[in-house]
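In each ligand, atom 1 is the first atom listed, and ligand 1 is the first ligand listed. Worth knowing before you read on, the calculation uses all heavy atoms, side chains too, and leaves out hydrogens, waters and symmetry mates.
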Amino acid sequence: MVTVANFDGLIGSTHNYAGLSFGNLASFSNTGLTSNPQAAALQGLEKMKKMVDLGLFQGVLPPHQRPYLPLVHSLGFYGNDKEIFDSAWKQSPNLMINCFSASPMWAANSATVSPSFDCADKQLHFTVANMSEMFHRSIESNQTYKSLKKAFPFANVHKALFSHPFLADEGAANHVRLCGEKSKKGIELFVYGRDGYTKSNLAYPARQTHQASQTIMRNHRLDKSCTVYAKQSKIAINAGAFHNDVVCVGAMNTLFYHELAFEDIVKLQSDIRKAAYGIFEPIFIEVKESVIPLRDAIETYLFNSMLVKLPDQEYLTLIAPLEVKKNAKVESFCENLVARNNTIKDVYYVDVRQSMQNGGGPACLRLAVPLESEEKKLINNKNILTENLYSDLKLWIIKHYRKEISPNDLRDINLMYESFSALDELTNIMQLGSDFYSFQK
Ligand code: SUG
């Protein structure tokens, strides 16, 4: 039996709107807004709980230490935590803003995952994403590695690729796995925005290179004939699709995407058919620009819905962001889709508004991990969302998280102390050990 488990990033207590991601329209346009970290984390937790209530296997990945003082220290700010904090704010405020981002919440960017049944060595492989295009995200990889090793002690977790723009990698946000009902083996689609060695002429950064995707394919020992590469379209990137998962989602044998998501959709369909030949029959659900303009798709994050197969159901269900309901055109498309389509037949809406305002929807918040029954048993059970963990985390969030953070509040040293003491308590709740975060040493 194969299970697709979802591991969500628990939203950190410094969640704020600093506008750090150029090319991510939501992050940019909400720069300076006052955030509500408590609401953000509760929204994320309720989304996880909803998945459990629907019968899915749900995991949790802990937030990272923020502000990330080890980086600040390594850049020439010395002394105790307070001295580092004070002098860095005085001399390099932008550095501090980047080190405060709660961006590890978007677990789809933590790694690319290949299930054991796709890999020649029959091991579950993860490659941690280097996130080298955005400074505030490039500081995530070491802690992500630690976190994944803890949660999946039996898996082959590869360190992030060498961090250089040639090998820019943003993890599962640019990767889709498709498979059939009968065979465990699937095909893996790697989507990239640019060739690493060629200068890009896009308005916004293309955050994944072809070379990074090819390296991951080799690391994971994937079967070449079951691997497909596709290029994101310039139109999509320039319209704000900074990751492919903003305009495309796939599950089982179904790829659901916007007409303008890819550079060459005819080739992509033919490559997928070829790779899937003899394994399963792919289904393509393409949404035309005339039906939903790319702008509306990106504004509502329709394609950043999770596409899931619920237990005992033959069809797929869309877990869509509430923002879809706020756009009459997209909402009615969605309702028609589930009423008429034979593949996607249900939709549930989730409220992840705090994350959405930074450009992260339901699918960004989770890392999907296909697992064999035996592998499921080997997962660190402290990472599994049980009723107990859900209640503990809820109380923990309410106890430690602020309801408001404005850009100026990041300068308040108490926010740092609050964040460290919250994480310290979390290491007990999730039994992460006394050296999980660097401030504990
Ligand atoms: O990398 N936003 C994230 C959103 C990531 C969404 N993930 C997926 N599509 N899978 C990003 O652009 C904004 C943070 C800020 O502005 O403070 C941010 O990092």
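- Of all protein heavy atoms, the one lying nearest to atom 19 (O) of ligand 1 is His136 NE2, 2.7 Å.
- Per-residue contacts place Asn24 under 4.0 angstrom from the following atoms of ligand 1 (heavy atoms of the residue considered): 2 (N), 3 (C), 4 (C), 11 (C), 12 (O).
- The residue Tyr17 has no part lying near ligand 1, judged by heavy-atom distances below 4.0 Å.
- In this structure, Phe22 has its ring center under 6.0 Å from that of Tyr204.
- Scanning all protein heavy atoms for the shortest distance to atom 16 (O) of ligand 1 gives Leu20 N, 2.7 Å.
- At the top of the distance list for atom 8 (C) of ligand 1, counting protein heavy atoms only, stands Cys364 SG, 2.8 Å.
- Salt bridge status for Arg177 with Asp118: present, with a side-chain N to carboxylate O gap under 4.0 Å.
- In summary, Glu418 and Arg402 engage in a salt bridge, as defined by a charged side-chain N under 4.0 Å from a carboxylate O.
- Considering backbone and side-chain N/O of Ser103, none are found under 3.5 Å from N/O of ligand 1.
- Of all protein heavy atoms, the one closest to atom 2 (N) of ligand 1 is Asn358 O, 3.0 Å.
- Using a 4.0 Å cut-off between a side-chain N of Lys or Arg and a carboxylate O of Asp or Glu, Lys90 and Asp86 do not qualify as a salt bridge.
- When only interatomic distances are considered, the shortest N/O to N/O separation between Arg137 and ligand 1 falls below 3.5 Å.
- Close contacts of ligand 1 with Ala173, meaning ligand atoms under 4.0 Å from a residue heavy atom, involve 10 (N).
- A salt bridge is defined here as a Lys NZ or Arg NE, NH1 or NH2 lying under 4.0 Å from an Asp or Glu carboxylate O, and Lys325 with Glu323 fails to meet this definition.
- From the protein, the heavy atom lying nearest to atom 1 (O) of ligand 1 is Arg207 NH2, 2.5 Å.
- Remark: ligand 1 atoms within the under-4.0 Å shell around heavy atoms of His243 are 7 (N), 8 (C), 9 (N), 10 (N).
- An N or O contact shorter than 3.5 Å links Gly19 to ligand 1 by distance.
- Contacts classified as ring-ring contact (aromatic ring centres under 6.0 Å, His included) and involving residues 128-152 (residues at least two apart or in different chains) are given here: Phe7-Phe152, Phe126-Phe152.
- No side-chain N or O of Ser132 forms a donor-acceptor pair with one of His164 less than 3.5 Å apart.
- If you look at Met134 next to ligand 1, there are no close heavy atoms at all, none under 4.0 Å.
- The pair Arg137-Glu140 meets the salt-bridge criterion, since a charged nitrogen lies less than 4.0 angstrom from a carboxylate oxygen.
- In this structure Lys403 satisfies the salt bridge (charged side-chain N to carboxylate O under 4.0 Å, His left out) test with no other residue, sequence neighbours excluded.
- The protein heavy-atom contact nearest to atom 12 (O) of ligand 1 is Ser21 OG, 2.7 Å.
- Aromatic ring pairs are classed by plane angle as parallel below 30°, tilted from 30° to 60° and perpendicular above 60°; the pair Phe166 and Tyr197 is perpendicular.
- Ligand 1 places these atoms under 4.0 Å from at least one heavy atom of Asn109: 5 (C), 6 (C), 7 (N), 8 (C), 10 (N).
- Counting heavy atoms closer than 4.0 Å to ligand 1, residue Asn16 contributes backbone atoms (N, CA, C, O) but none from C-beta onward.
- The aromatic rings of His210 and Tyr192 sit parallel, their planes meeting at an angle under 30°, below the 60° perpendicular limit.
- By the 3.5 Å distance cut-off applied to N or O atoms, Ser27 is counted among the residues near ligand 1.
- Among protein heavy atoms, atom 10 (N) of ligand 1 sits closest to Asp245 OD2, 2.8 Å.
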